[in-house]
Each structure stands twice: as C-alpha cells, then as structure tokens.
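Before any comments, here is the structure.
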Amino acid sequence: MDLTGLNKDQLSAVTRVEGPLLILAGAGSGKTRVITYRIAHMIEDLKISPYSLLAITFTNKAAKEMRERVNSLIGDRAKDMWISTFHSLCVRILRRDIERIGYNRSFVIYDTQDQLSLIKECIKECGLREDSFKPSSVLSAISGAKDKLLNPKAFEARYFNDFRLSKISKVYDLYQRKLKSNNALDFDDLIFKTVELLKTDEFVRDFYQRKFQYVMVDEYQDTNHAQYVLINLLSEMHKNLCVVGDDDQSIYGWRGADIANILDFEKDYKDAFVVKLEQNYRSTEVILDGANSVIKRNLGRKNKKLWTQLKEGEKIKLHKAYDEKDEANFIAREIKKRQEEEDRNLRDFALLYRTNAQSRALEEALIKHSISYKIFGSLKFYDRKEIKDIMAYLRLVQNPLDDLALKRIVNVPKRGIGAKTLEKLEERALVTGESLFGLLHDLSGFDLSTKVKTTLNKFVMMINSFMDMKEILPLTEFVQKVIDNTRYVDELKAEDTDEARGRIENIEEFKSVVMEFMQNSEEKTLEEFLSSVSLVSDLDSIDEEDDFVTLMTLHSAKGLEFPVVFLAGVEEGIFPISRAMLDENQLEEERRLCYVGMTRAKQILYITYANERTLYGRRNHAIASRFISEIDESLFEENAKIEKTKPQSLYDRYKDKYKIGQDDKPKFDGQDDITVGSKIKHPKFGIGMVVAKTGTVYTIAFEGQGIKQIDTTFISLSKL
DNA sequence: CCCCGGCCATTTTTT
DNA sequence: ATGGCCGGGG
C-alpha cells in the first residue's frame, strides 16, 4: 500500500491500528482519505481479514463513498467488510437474532410520521389531552429516553415524582406495546434493541465481539448515548476502536448527540492515542481564518486550529440587502456573473441557509434568472402522501400486523370507510388484542351496514390477493399490480388537477426506484425493499452529472464542499435562530453550525443578510448576525460595511419574554375601534387604511407607501 | 361519510 | 405564507 501521499499526522492515524485511537479531523483535513487508507492498509499490508473489520457511519452516502474509495484502493477485497450506517448495522444484527429478545424478525421500521400517529393514539388512550401533551414533544421525550437507554419502567422509576414525565412514561409504555403488536420498531429502537440484545444475550454478544476485531466510527461527535454504548459493546473484547470526528462540527445536539462522547474519549480510554488532523486541503486561508475566528469564541472545545498551504484567495464577501428578495436577486446576479466571467459550472455554487423556509425567495430569484437549481431536504420523496400511501399497501402486505398502515389506506382511495367504522374495529382490537387486518376477516359480530361489510370484504380480498402475488411476481410487477388494482392512479387521473398530475409523476418515479432496487440489491424481496427505503434519504442520491446550483440547509451541507458558497440570511433571530439566543449551549451549537457552513467553501465565501425579512407572513426588521461581527474585519472585502450587532427590535425582544401571542389585545391609546376599513394615522408612514388584521398585526395600505404590516403591540395608531 | 373553511403553529432532521 | 387539523354542515 502506497502511503507516501499522506502527511505526517495522516500517516500516524493510518498506521496506528492497535488500541483505542481518536482522530480529531478538522473540516477538510482529508478524513475520508485517512479512514479509507487505514482500511486498505490493514487489509493489504497487515493481512487483517476484512471479515473482522467494521466501519460505522451516519449516512448511507458516507458509507457508500467509503466503500467506493476502499474499492478503488484495493479492489473488491474489502467486500466482506461491514461498512454501514448505525441503523443498517442494527437492522442486520436484529434481523438475525431479535427473536432472542422476544420480537419477530420480520419487523418493519416506523418513520417519524408513523411514530407521531402511534403516539397520538397512545396519548388519547392514556386519557391525556393532546393540547397539553403535544405528540411531537412526547415523541422527543420518548426518543430521548431511548437515547439514554431508559425503557418505560426505568423511565417511570426515574421520573415518578414529576407529574408530566410520569404521565409520559405511561404513554411511552403503551407506545412500546403498540409498536410490538404492530411488529414494528422505530429508528431509536433499532439502536436500543440492538444494545438490549447484545447486553442480555451472551452468545450473540460474544459472536460479534469476536468477529469485530477492529471497529471504526465516523462522525463520532454526533453519536448519542445509546450509540456510544453500542460501539463500546461491539469493541469491548479487542478494544481496537478508532473514532473519527470533530467537536467543532457537532451540530446535532438537539437530536441527542452527546458532544461529551468525543470530548471524553481520552477519559474513557486511558491509553487512547490521539491524532489531530489540522491541515486543511479544502479552503483558502482567508476562509479558514474567518471560520477559525468564529469558532474560537466557543468554550470547552478540543484545542486545534486549522491551517492551509493554500494562501490568500478572494476575501469574504459581505452583502447587506434590502430584504430577502433583494438578497436572493443579488445572489442570482453574482452566480450569473461568475458563471460567465469565470466560466464556472452551476454545480460550483451552493446556497446555504438556516431554515427551509428561506429557500422560497432564493428559488424565485433563481427561476427569474433562469438558473437551474435543486433544493435538498425540503420535502422528502418518501414523505409525499402518494408515496406513503403506496408504501402503506406494501407494508400491510408484508406485515399484516401493521395497524397503522391499514388505517392509512383502508379508505384510500375513498371507499366509504370512515372514522366510525374504524372506531368499532379498534374497540374490538383493544379487547381481543388482534390486529385490525385479522379482525376484518370475520365481520359477523360487528354492527356495520351490509354495504360497509361488503366493501371491507373486498378490501381484505384485494390485500390477500396481493399477498399471493408477492410470492410469485417479481417486485416491480408486484408493485405495478398494487398500483393498478387499488386504482390509485386511476383516481388521481380522474381528479384532473395539476396537483394530481404531480402525484402521478411521483408514483412513476417510485416505480423507477423499485426498478433500481431490483438491479442493485442482492436480496430482491419486499421486506428488504421496505427496510432499505426506511433507511435512505434524498441526500443519498446527489447526481454528480447534472449541473445545477445546490440549495440546502446548513445541517444538510455537513460533509460537502463547493467552490463558491453563499450563506444567506445571516441575521439575528435566524442565524443564530431566536430560540437558541438565550442559551449559551445552544448558541455554541449555532456557532458550530456557522463554522460548518463557512468551511464548506473552497474558494469564495459570500455572507448575506437583509434589512427586512418576511417570515411566517410577517415583515420584520432584521440586523446582522453576531457571527458576522465575530469574523475579523480584515478578512472582508473592503467595501463591506460591517454594522455591529444592535439590540433586537422591541417587539422581538419582548414577545417571548411576555409571551405576547396573536390573541393579545393590541395596546391602543384608548382606541379599540380600529377595524378593517378604518382610516388611520401612523407616526412614520402617515395616513393609511386597514386592509386586514391578524391578532395585533394590522396590514395597512399607506398613501404612496404601499402596503405594510404593522404590529400594534408597541406602535400606536390613531383613527382618523 | 365527505368536504370545506377557519384556527394554529411554524429550527435544524444523517436514519 | 402555508400546510395540517378539527368541527360543523351537506
């Protein structure tokens, strides 16, 4: 194996094979190169069996890339090596042995939407109100419990004296029972149950511990507690654990990632060897200095500083726009300009933003300038209604115990099976413990009209026929049959709207996904298809061939790089996002996110912000983000005017503090008779007429000034 | 049972 | 601005 192209630190990381190793890999420091060379070195030079190697990543994309790059180094000799994501690793382990902890090995995987529906049911059945126990917050509590490896019992025991959490523990318990009876696991369970299996079953634990003599974990800063325990269980026997990560790029704390895992690695493994990769091969010096000057404000980080041999480079561009449209147009013009003058491809450009909602204005400007673009992450392919519906049919066929899937499609397309009918079925299911689909086979004891019974019988016959087809037809034909026989597309055609046509298009795309699966997958079964679909994201399929500008959130951009990067909407309240501004820890995470964003740029970095921004249908004054003032002024292009961060607007400052909501009465100077149609006088804009009102926000048309939205909480209007 | 209109919240999301 | 959800009327 030729290791001469590696720098000193990289080489030391590659050749230190035995014992615990922490690789602190700064952004763009050749991390993937190090991991892949390390694997190749182990197999090729040290003759270590690929069978005993395990590499874990977070994304399919990273796993795929790692596999490809190892292949290009040593051919397919690594084909017996496990390179997989946390979740697919766990699925693989569980499919083999989950029966040892009392589950069925043909389990399906529930995504977030499924989780929420199930939790809603549980909240209701526990006699709780959805308004005080919001499904999403209950879900995050349960998910957090699983991250911390607390089962419902342990959760209850820990929080029995907390009113709210003890109620949630009841929901959690019911939720787990329902998952089990639906023969389903959620994402968190995949890790949780694998840990449980390894902990409780000596035989299985011993098998994997012997097998995996060398374990590598990528993006270690993003691991949560459960993943941490899993890694330790797997590598416990040989202790050849190599973790790679960058504490400065930890941006998933809100999802349970525990930055302490990486910060404390040396405490966990006293004999750990630490390598810092600090030479950056990606960005120019100006960009790195900018990123460094921001991130150094964070406390409690591993001490390191990226450097580069790529000197100089264009200074950072700072642009203050009038509003979000102006900002978007500026970006579009700059892209056009650089595309023409510097002969760049569109794929050289990335527009990064904090929230998905910001993509709209950018998108419109790009359309206006006829620049092709692709938005990643806004709404995922598999989250689309029509795809989920078809998937629900497939899921029910695969797993008739999946009540959630049944409920989703029993009336889709419309068959006249409504809430009342389902209620009757569920009532019975609760008593007998049977699955809904099981109950449908004998409707004799139900108080239902003949018409409904006939419909339900037809439905059962259809699903049963699908089950037969599944056994004999290739997956592609089977899926086509499901689409045809359910008349799903026929119904859409009948609708004859643009929306329906879009949905049909998506179903066509879905069919090609199935076809692709048939070509690429070893196991061509429905079960395998369903699990693979649950474990992929849109980001996994970025096509290198096409030429378009990339639009994505800062979170999605991690791990990617682009010659020219625009960070848009770098304003207080957006970035850092308002909810993170009060908490120092959250603020540090926002700062890391800023660091991640800046270090995506190879050559040119733009930072833009707007003076005014319409968000959630409401116009707000905006000011430059504090992160801008944290960048050394000398790094900006000369004409950039830096405005020091000023306090927020009065309204923004007080609305959270005093919980001013839409229902609060506007504070007028003794006048509460201003309604739509009233003529008013505004201290700054003069005379106008009220055209609409939402809570305290009045939309007012001013003479010669256009339409403005005025929040009357702090500004007095007087009626003319 | 189905549809529509009003009410509500609205960060980020590798799996 | 927009999409999801609930409740009342057809």
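Below, read A as the first sequence line, B as the second, and so on, with proteins coming before strands; counting in each chain starts at 1.
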Once rounded to the nearest 0.5 Å, what's the spacing between atom CG of A/N620 and atom CZ of A/R618? 7.5 Å
[X], nearest nucleotide to its side chain (from [options]):
{"X": "A/H87", "options": "B/dT13, B/dT15, B/dT12", "value": "B/dT15"}
{"X": "A/T421", "options": "B/dT12, B/dC1, B/dT11", "value": "B/dC1"}
{"X": "A/K414", "options": "B/dT11, B/dT15, B/dC3", "value": "B/dC3"}
{"X": "A/N411", "options": "B/dT15, B/dC2, B/dT14", "value": "B/dC2"}
{"X": "A/T553", "options": "B/dT12, B/dT15, B/dT11", "value": "B/dT12"}
{"X": "A/Y616", "options": "B/dT13, B/dT11, C/dT2", "value": "B/dT11"}

With a 4.0 Å cut-off on heavy atoms, is [X] in touch with a base, just the backbone sugar-phosphate, or nothing at all?
{"X": "A/Y252", "answer": "base"}
{"X": "A/D222", "answer": "base"}
{"X": "A/K451", "answer": "nothing"}
{"X": "A/R360", "answer": "sugar-phosphate"}

Over how many whole Å does the gap from [X] atom [atom1] to [N] atom [atom2] extend?
{"X": "A/E219", "N": "B/dT14", "atom1": "CD", "atom2": "P", "value": "13 Å"}
{"X": "A/R579", "N": "B/dT13", "atom1": "CZ", "atom2": "P", "value": "15 Å"}
{"X": "A/R618", "N": "C/dT2", "atom1": "CZ", "atom2": "P", "value": "16 Å"}
{"X": "A/Q227", "N": "B/dT14", "atom1": "CD", "atom2": "P", "value": "14 Å"}
{"X": "A/Y353", "N": "B/dT13", "atom1": "OH", "atom2": "P", "value": "9 Å"}
{"X": "A/Y595", "N": "B/dT12", "atom1": "OH", "atom2": "C1'", "value": "20 Å"}
{"X": "A/D383", "N": "B/dT14", "atom1": "CG", "atom2": "C1'", "value": "14 Å"}
{"X": "A/I251", "N": "B/dT12", "atom1": "CD1", "atom2": "C1'", "value": "8 Å"}

Can you confirm if the aromatic rings of A/H87 and A/F58 lie within a centre distance of less than 6.0 Å? no
Over 12 foreign heavy atoms within 6.0 Å of CZ, A/R487: no
Just N and O in the side chain of [X]: are any of them under 4.0 Å from OP1 or OP2 of [N]?
{"X": "A/S556", "N": "B/dT13", "answer": "yes"}
{"X": "A/K134", "N": "C/dC5", "answer": "no"}
{"X": "A/N60", "N": "B/dT14", "answer": "no"}
{"X": "A/R255", "N": "B/dT11", "answer": "no"}
{"X": "A/N356", "N": "B/dT10", "answer": "no"}
{"X": "A/Y382", "N": "B/dT13", "answer": "no"}
{"X": "A/K385", "N": "C/dG4", "answer": "no"}

Closest non-hydrogen atom pair, A/A226 against A/V195: O-CG2, 3.7 Å
Nearest atoms (heavy-atom pairs only) where A/I191 meets A/F86: CD1-CB, 4.0 Å
Does B/dT12 have A/W254 stacked on its base, where the ring centres are within less than 5.5 Å and the planes differ by under 30°? yes
Test side-chain hydrogen bond (donor to acceptor under 3.5 Å, both in side chains) applied to A/E571 and A/R626, A/R613, A/R354, the passing residue: A/R613
I want to confirm an ordering. Mapping A/S534 and A/G418 to their closest nucleotides on DNA chain B, which one lands closer to the 5' end? A/G418
DNA chain B: A/A580 or A/K420, which has the more 5' nearest nucleotide? A/K420
Distance under 6.0 Å and angle within 45° of the ring axis: does A/R384 meet both against A/F510? no
